[in-house]
Peer 1: 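Below: one structure in structure tokens.
The sequence lines fix the lettering, A, B, ..., with proteins before strands; numbering per chain opens at 1.
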There are 2 protein chains.
Amino acid sequence: MFSKSCQYAIRATIYLAMHQEEGKNLGVKEIATSLDVPQQFLAKILQQLSRQNLVSSIKGPNGGFYLSPENKLNSLLQIIECIDGPLTLNSCVLGLPQCSSVTPCPLHFNFFEYREKMRQTLGATSISNFSNPGLPPYPTY
Amino acid sequence: MFSKSCQYAIRATIYLAMHQEEGKNLGVKEIATSLDVPQQFLAKILQQLSRQNLVSSIKGPNGGFYLSPENKLNSLLQIIECIDGPLTLNSCVLGLPQCSSVTPCPLHFNFFEYREKMRQTLGATSISNFSNPGLPPYPTY
DNA sequence: TATTGACATGATTTTGAAAACATAAGTAGT
DNA sequence: ACTACTTATGTTTTCAAAATCATGTCAATA
């Protein structure tokens, strides 16, 4: 459904939201270790998010990544589209470029409704949702 | 969402259902040309489906692929799981193996309902649905 | 029974995502 | 200023999916 890069991006962003403390930055090393993902690979992904102002970063000693108040207002959908592109949840499940509601593929309407709802949910879920303490426990990242 | 192999498998199966005439077999060549997919690659995929009795084939002159009455009773989900494996629509969207309804990832319940409904729809849609004449027109395969 | 046309199978190549490597650039503290 | 630490960037390598190549197997028919 999502590329690995995208999965890592989501997990890292949520990790940031959950573990961020006032004025404390989280290094790639810590995040990558905690999520058990390749550090260098995650670094690139975070940089990609950073370039689009979806996460914030500071270089040097005590540097790292954090979420600014604005960053937290972004939605999960923005994270996803930043990495996998804007067509991820929109393009035809059979890979047909001409497919649309006007010229639908045989499966178009089997998926359209659910995929649209997923999009809406992801678009309506802001990152700040995950910084809320008291969330249920999650499996290891 | 689905691998290319899987997309090709679905399209080819539906093509078979739509274009099959009494006692007439369709060759890989014709199918591949019509769907605009690599012929040899499609051949492998059809063989995979054939080995699991999801499509039928006959060798030799006038040979080709066709759907037996039993084949038509199969569901789209069976086609998909034959190619992409049984976990395609079940596994965690973030790729976390431990994720389940008991130990959910942060996005588990955002997707669970819709994915489950997709599964049900696909499982309830038999191939015979597509041999029904009078279906709406489809974009080029 | 030989030929031909089709599917079947194994091995190989290509391609792009995923991962790793190497180095640059910036910042805090000494 | 110098060092250490961390993000940023460009290049290379790895790996699996996608695609191709080469050959085998089977059946219709002349």
Peer 1: Contact list please: residues 41-52 of chain A against DNA chain C, heavy atoms, distance less than 4.0 Å, in numerical order.
Peer 2: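 Residues of residues 41-52 of chain A under 4.0 Å from DNA chain C: A:Phe41, A:Lys44.
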
Peer 1: Indicate yes or no for a side-chain donor-acceptor contact from B:Gln52 to the backbone of B:Leu49 under 3.5 Å, with no hydrogens or angles considered.
Peer 2: no

Peer 1: Identify the heavy atoms of A:Leu67 and A:Thr13 that sit nearest to each other, and give their distance.
Peer 2: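 So the two residues come closest at CD1-O, 3.9 Å.
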
Peer 1: Roughly how many Å is it from NZ in B:Lys59 to P in D:dG24, rounded to a whole number?
Peer 2: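 In whole Å, D:dG24 P lies 13 Å from B:Lys59 NZ.
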
Peer 1: Would you check if A:Ser5 and A:Ile45 make a side-chain contact, meaning some heavy-atom pair closer than 4.5 Å?
Peer 2: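 Contact flag for A:Ser5/A:Ile45 side chains = yes.
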
Peer 1: What nucleotide among C:dC7, D:dA19, C:dA28 has an atom nearest to a side-chain atom of B:Tyr8?
Peer 2: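 Closest nucleotide to the B:Tyr8 side chain: D:dA19.
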
Peer 1: C:dG5 P sits how many Å from B:Leu26 CG, rounded?
Peer 2: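 Value for this atom pair: 19 Å.
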
Peer 1: Less than 4.5 Å apart, any side-chain heavy atom of A:Gln39 and any of A:Glu30?
Peer 2: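 A side-chain contact under 4.5 Å is absent here.
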
Peer 1: Would you mind reading off the distance between B:Lys29 atom NZ and C:dA6 atom P, rounded to a whole angstrom?
Peer 2: 7 Å

Peer 1: Just the rounded figure in Å: distance from P of D:dA19 to CD of B:Gln39.
Peer 2: 14 Å

Peer 1: Report the residues that fulfil side-chain contact (heavy atoms from CB on, under 4.5 Å) with A:Lys44, sequence neighbours left out, ordered by chain and then residue number.
Peer 2: none

Peer 1: Just how far, in rounded Å, is P of C:dA28 from CG of A:Asn25?
Peer 2: 10 Å

Peer 1: Is there a donor-acceptor pair under 3.5 Å between the side chain of B:Asp36 and the backbone N or O of B:Thr33?
Peer 2: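 Pair absent, no side-chain N/O of B:Asp36 close to backbone of B:Thr33.
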
Peer 1: Take the protein atom CD of B:Gln7 and the nucleotide atom C1' of D:dA18, then report the distance between them rounded to whole Å.
Peer 2: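 Value for this atom pair: 12 Å.
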
Peer 1: Side chains of B:Asn90 and B:Arg115 only: does a donor on one sit below 3.5 Å from an acceptor on the other?
Peer 2: no

Peer 1: By nearest nucleotide on DNA chain C, pick out whichever of B:Asn62 and A:Lys4 is the more 5' one.
Peer 2: B:Asn62

Peer 1: Under 4.0 Å from OP1 or OP2 of C:dA6: is there any side-chain N or O of B:Ser57 that close?
Peer 2: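 It does not, given that no N or O in the side chain of B:Ser57 lies less than 4.0 Å from OP1 or OP2 of C:dA6.
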
Peer 1: Roughly how many Å is it from CG in B:Asn53 to P in C:dA8, rounded to a whole number?
Peer 2: 12 Å

Peer 1: What is the distance, rounded to the nearest whole Å, between atom CD of A:Gln40 and atom C1' of D:dT6?
Peer 2: 12 Å

